[in-house]
Protein chains: 2
Amino acid sequence: MNFHIAIDCVILAYEAPSQKLMVLVIKRDKEPFAGNWVLPGGFVKNTEPFQQTALRVLEKETGLNNAFLQQLHAYSLTDPSEENRIASVAYYSLVKLEDTAPLNQSQQARWVDLKNIPQLAFDHGQKVEDAISRIKKEIQHEPLVYHLLPEKFSLNNVQSFYESLFQKKLDNRNFRKQLKKLPYLEPLAEYEQDVSHRPAQLYRFNQEQYAIFHSL
Amino acid sequence: MNFHIAIDCVILAYEAPSQKLMVLVIKRDKEPFAGNWVLPGGFVKNTEPFQQTALRVLEKETGLNNAFLQQLHAYSLTDPSEENRIASVAYYSLVKLEDTAPLNQSQQARWVDLKNIPQLAFDHGQKVEDAISRIKKEIQHEPLVYHLLPEKFSLNNVQSFYESLFQKKLDNRNFRKQLKKLPYLEPLAEYEQDVSHRPAQLYRFNQEQYAIFHSL
DNA sequence: CCAAAAGTGTTGAAACTACACCCATGG
DNA sequence: CCATGGGTGTAGTTTCAACACTTTTGG
């Protein structure tokens, strides 16, 4: 049995001011499902590894070539009636909104709020769900947040992100205490600007410190 | 680009008396790599879902049709020079040794100790490593041990398993205290037999209690 | 001086670590 | 009675949860 293998990407970003977690969708221009919203994707070409196909898709849609990207799952279904069946390997990517190129208008690409996703064609709705539930697990052990937050962020940005993801309120004092214990959160001598209240101190994720901390 | 998709299975079992974690390997009878040790596997047929191919492989090798089975990862490589390229989706399975059928001798199937695996062809060595590292992660949150232990087991069986997996000694009193807190470990009025020392009390994993506990 | 979000400490409860001896069985 | 592994409790330390007020800034 011969397959074509499509790579679908669940590309996620977080908009700190509005506290919205968003996924990138595009309007499909081919049949089947022309005119429907789908995840960005593409077919595996020649002998390229899956990850490379995913990187191509990611770069095409966001301009990024170094974002966090992980395999999610291989899906066999798609339409089992077709002669040359299409399997699909999904990836998920976490990107900083500030680093992305403007969206491709001809494709009608859009960031949509996770709480308000349009109907997606194929099994793409399932893939988004799977990606979120994977991230909820992984984030317990891996510092995934920092891929989504801007380079410089406040401790409350981190908290707000967790609150959006898990849809529950966290205790501000206890949350900060935990973050302050992390040796890889580097406090900067910089503060939020243009806010009409006390400006928050900014922090940065320190990759080197994390590597040391993590290897213990 | 057309692919054949092979499913490879990392089938793991634990032999409680010898405290060995083992993986099932078979001697390959086709070229390339005829005569080498490989993981059991097979090609995806017609329109069957990947999981079903994996179930077929698992049943063929062990006689089991209801063991724990999860997708591990999709691997693109294999030999990129081939015209019709072979991709592979690996699964891992955890089985109770007592439930498995005798091994297929014509295939020269063998349980080999993880600490002493022969050279495996293709990227199968990598797949075994990936499976183990996945299990080490998952077992922190999921009750995977109970798929590997016999139906009735002692608390020290559980401890020994963790010690083999993580290759480090654990404190017996503290470990037992933790297990005793789990509402889904059901103590039985039964004891080890034919041992020349104080026989250990046996326990059983209670699926219903776990479902309740887990949903909280 | 008002509004709005940032920032800060303490206390009681629970969980975790370290650690040494007696028990039940078979031979 | 010996050897072997099964089984138990306590004390000190650390982590976690709950909780309310003051600070800084812009308007």
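Heavy-atom basis, side chains included; hydrogens, waters and symmetry copies ignored.
Pairs passing the salt bridge (Lys or Arg N to Asp or Glu O under 4.0 Å) check and including a residue from residues 145-156 of chain A, sequence neighbours excluded, read A:K152-A:E190.
What separates CG of A:N156 from P of D:dT24 is a distance of 16 Å, to the nearest Å. Following rounding to the nearest Å, B:E192 (CD) and D:dG6 (C1') show an atom-to-atom distance of 9 Å. At whole-Å resolution of the value, CG in B:L155 and C1' in D:dG5 are 14 Å apart. Rounded to a whole Å, the CG atom of B:L179 is 12 Å from the P atom of D:dG7. Counting to the nearest Å, the P atom of C:dC19 and the NZ atom of B:K169 are 17 Å from each other. Distance OH (A:Y191) to C1' (D:dT24): 11 Å, rounded to an integer number of Å. Going from atom CG of B:N172 over to atom C1' of C:dA18 covers 13 Å, rounded to whole Å. The distance from atom CZ of A:R176 to atom C1' of C:dG9 is 13 Å, rounded to the nearest whole Å.
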### Query
Between B:E192 and B:R198, is a salt bridge (Lys or Arg N to Asp or Glu O under 4.0 Å) present by the stated rule, with each step listed?
CA-CA 9 Å; B:E192 270 185 321; B:R198 181 173 174 175; over 6 Å; no
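Under a cutoff of 6.0 Å and an axis angle of 45°, B:K20 and B:Y14 do not form a cation-pi pair.
A salt bridge does not link A:K168 with A:E163: every distance from a Lys NZ or Arg NE/NH1/NH2 to an Asp or Glu carboxylate oxygen is 4.0 Å or more.
Checking side-chain atoms of B:N206 against main-chain N and O of B:Q209 turns up a donor-acceptor pair under 3.5 Å. Under the 3.5 Å distance criterion, the side-chain polar atoms of B:H147 are left unmatched by any main-chain donor or acceptor of B:F68.
Legend: residues meeting salt bridge (charged side-chain N to carboxylate O under 4.0 Å, His left out) with B:E138, ordered by chain and number and at least two apart, are A:K137. Taking B:E59 as the reference, nothing meets the salt bridge (charged side-chain N to carboxylate O under 4.0 Å, His left out) condition, with sequence neighbours excluded.
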### Query
For nucleotides 10-19 of chain D, read 5' to 3', which letter fits each nucleotide if B means a protein heavy atom sits under 4.0 Å from the base, S means only the sugar-phosphate is that close, and - means neither?
B-----SBBB
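Here the closest heavy-atom approach between residue B:S76 and residue A:P49 is recorded as OG-CA, 3.3 Å. Closest non-hydrogen pair, B:F161 versus B:I139, comes out as CE2-CD1, 3.6 Å.
Heavy-atom distances under 4.0 Å link DNA chain C to no residue of residues 136-144 of chain B.
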Under-3.5 Å N/O pairs linking protein and nucleotides 23-25 of chain C:
unit_1, atom_1, unit_2, atom_2, d
C:dA24, N3, B:R198, N, 3.3
C:dT25, O2, B:S196, O, 3.4

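Both B:K180 and A:D194 lie close to DNA chain D; mapped to their nearest nucleotides by heavy-atom distance, the more 5′-ward contact belongs to B:K180.
Taking the six-membered ring wherever Trp is involved, the centroid distance between the rings of B:H141 and A:H141 falls below 6.0 Å.
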